[in-house]
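Worksheet: the structure to be examined is printed underneath.
Order of appearance sets the numbers: ligands from 1, and atoms from 1 within every ligand. Values reported hereafter were calculated over all heavy atoms of this structure, with side chains retained and with hydrogens, waters and symmetry mates removed.
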Amino acid sequence: MALSQYQLFINGQWVDAKDGGRFDSLNPANAQPWASFSHAQEADVDAAVQAAQNAFEDSSWRNLHATARGKLLRKLGDLIAANKEHLAQLETNDNGKLIRETMGQIGYMPEFFYYYAGQADKLEGQTLPLDKADMFAYTTHEPLGVVAAIIPWNSPMYLTAVKLAPALAAGNTVVLKPSEHASATIVELMHLVKEAGFPDGVVNVVTGFGADTGAALTKHPLVRRIAFTGGGAGAKAVVKNSAQNLAQISLELGGKSPNIIFADANISSAVNGVVAGIFAASGQSCVAGSRLLVQDSVYDEFLTALKSRVERIIIGEPMNAKSEMGPMATQAQLALVERMVAQALEQGATLVHGGKRVSPSNNIHSNGWYYHPTILAVDNNQCSIMQDEVFGPVASIMRFTDEAHALALANDSQFGLATGIWTRDNGRVHRMSKAVQAGIIWVNTYRAVSPMGAIGGFKASGYGRESGIDAVKDYTQLKTVWINTSSEPMADPFVMR
Ligand code: NAD
């Protein structure tokens, strides 16, 4: 079958990489190449950043009233809504995520564009109550310039929306670099950016790999802001690169998020929350609730209920609306999951469920990268499966005795992205929410997202926040204007009075 062909989008034009280089994306459901992308090198990245800089300086964008910017964002949201089925199918082909998940996620994307569209003309400055007579001062929020947005493969559209919408609302221009494993929706989105009426160069896409395309973009001297979502190794490289352009950075990284089930929790609700937390998207979610901490007295009851639901998870082709779990996004990710489960077993973990690849059946293609939903029982928070991010469908489960023990285990982690707390005790909800070191706390729920709710981590889970009312300000710089209102001339600074 002929591969879908995708080009770079630079200055409103579809172009090939200057050296003609290309790479393929494989469909995780059958390991077959399905699309071919231009491989952007330094010269292509430079052209994209220059286009974004020119657009930033051009009056068609710079002088566009903020209300008009908001209208463009609203139009883009409408176009995404009108094209959600097509975009969802592309994303499912690209990263193997279930069509029911990509439809749900992309169907919700317009809300992010509407939310930030409304903020575009509400970026108000302040007048300052100065301690100086005859002096008036005010502040304005100004855009930064060219924003480089680096996107991972697990939720390309969502993780683009949370960067693109506030960056544009604030008046910046953007160069997007999607993951080499899942670029299709982001390139396709550019048709909608054009149709919405954004001036040429305001949004650009370069496709390619992290070490070349991503590195060239994040060290480019004209980039003023980097919004990075991905793993720790890429993040450290990006921080180093930014020493060359002193761009501001936000880092949305991984996690080892605990889901804490207290004895007074509604157990069936907690089981649903845990399944959503770790087995949705085959565990390939930054906020995956991969560490299950369960109070002694309900441990057996909870594990029995969890196991019974997990045994019934329907593993199937991602395009099948009935499938509840699909493949891993890449072969390398599948191999990593296998290695990490084997290591956990060597370190003394007990296999409760799964722990192997799915055998081919009528439900799945024999070449697909499927792994069973897996539960590992452990009794030591130091073992690697309790400390390292798997980014796969692997939950490790451990007992705790009381609230203090649960808290100590929850915080004994290099990460601090999310935490789930399952209890009916209101006092405990507040005590735990205050003491847990994580950027997102979900109480009696898990994986809830909204444009109004900020997402981001403590510790090695990164810094900066995406979504929420303040995100747009992270794409601005503050200017303070001082005005002497006196009718007297300014005094000679060297004359003592
Ligand atoms: P990754 O770090 O391998 O890649 C992410 C992006 O960074 C890709 O576009 C990649 O090409 C680029 N990149 C890699 N090295 C780079 C470099 N040296 N310079 C510039 N760009 C570079 O991550 P991944 O495997 O695509 O995604 C999985 C990771 O992302 C997990 O750790 C996951 O937890 C994290 N993640 C975090 C969030 C969040 O919001 N906190 C959301 C989704 C995923």
Side-chain angles (χ1 to χ4, degrees), residues 23 25 37 39-40 42 45 94-95 97 105 148-163 175-183 186-187 205-220 223 226-245 247 249-257 278 280-290 328-337 340 388-392 414-418 438-440 447 449 453-468 471:
F23 64 97
S25 172
F37 295 89
H39 186 169
E42 205 165 337
V45 170
D94 229 4
N95 68 3
K97 211 163 167 162
Q105 212 172 31
I150 310 280
I151 323 288
W153 44 258
N154 60 328
S155 295
M157 276 290 284
Y158 163 62
L159 292 165
T160 295
V162 295
K163 298 169 178 59
V175 180
L176 296 159
K177 208 299 273 168
S179 165
E180 53 274 34
H181 303 298
S183 304
I186 307 314
V187 182
V205 176
V206 288
T207 44
F209 293 74
D212 47 18
T213 316
L217 179 57
T218 50
K219 68 182 176 207
H220 196 288
V223 166
I226 303 167
F228 176 89
T229 303
K236 284 175 186 161
V238 165
V239 170
K240 261 193 201 154
N241 287 344
S242 74
Q244 297 187 43
N245 52 20
I249 311 188
S250 58
L251 300 175
E252 298 288 340
L253 311 179
K256 193 76 209 178
S257 300
I278 185 62
S282 301
Q284 300 165 117
S285 162
C286 56
V287 293
S290 51
M328 307 300 304
T330 68
Q331 195 160 19
Q333 199 60 31
L334 176 63
L336 175 72
V337 172
M340 291 187 73
D388 299 332
E389 183 182 45
V390 179
F391 220 59
Q414 62 177 312
F415 297 110
L417 189 53
I440 310 155
R447 267 180 129 233
V449 292
I455 297 255
F458 284 21
K459 302 192 273 187
S461 293
Y463 47 77
R465 295 290 178 268
E466 290 189 325
S467 297

*Under a 4.5 Å cut-off applied to non-hydrogen side-chain atoms, are Asn95 and Pro156 in contact?*
yes
*Report the relative orientation of the aromatic rings in Phe209 and His39; use parallel for angles under 30°, tilted for 30 to 60°, perpendicular for over 60°.*
tilted
_So Thr229 and Lys163, do their side chains get closer than 4.5 Å, heavy atoms only?_
yes
*Starting from the C-alpha separation in whole Å, work towards a yes-or-no answer on side-chain hydrogen bond (donor to acceptor under 3.5 Å, both in side chains) for Lys97 and Ser155.*
CA-CA 9 Å; Lys97 211 163 167 162; Ser155 295; 2.7 Å; yes
*asked:* Students should find this: residues with any non-hydrogen atom under 4.0 Å from ligand 1. What is the answer?
replied: Ile150, Ile151, Pro152, Trp153, Asn154, Leu159, Lys177, Pro178, Ser179, Glu180, Phe209, Gly210, Gly214, Ala215, Phe228, Thr229, Gly230, Gly231, Gly234, Ala237, Val238, Glu252, Leu253, Gly254, Cys286, Glu389, Phe391, Leu417
*Got Asn241 and His220 here, is their nearest side-chain heavy-atom distance under 4.5 Å?*
no
_Side-chain heavy-atom pair Ile440, Ile455 within 4.5 angstrom cut-off_ = yes
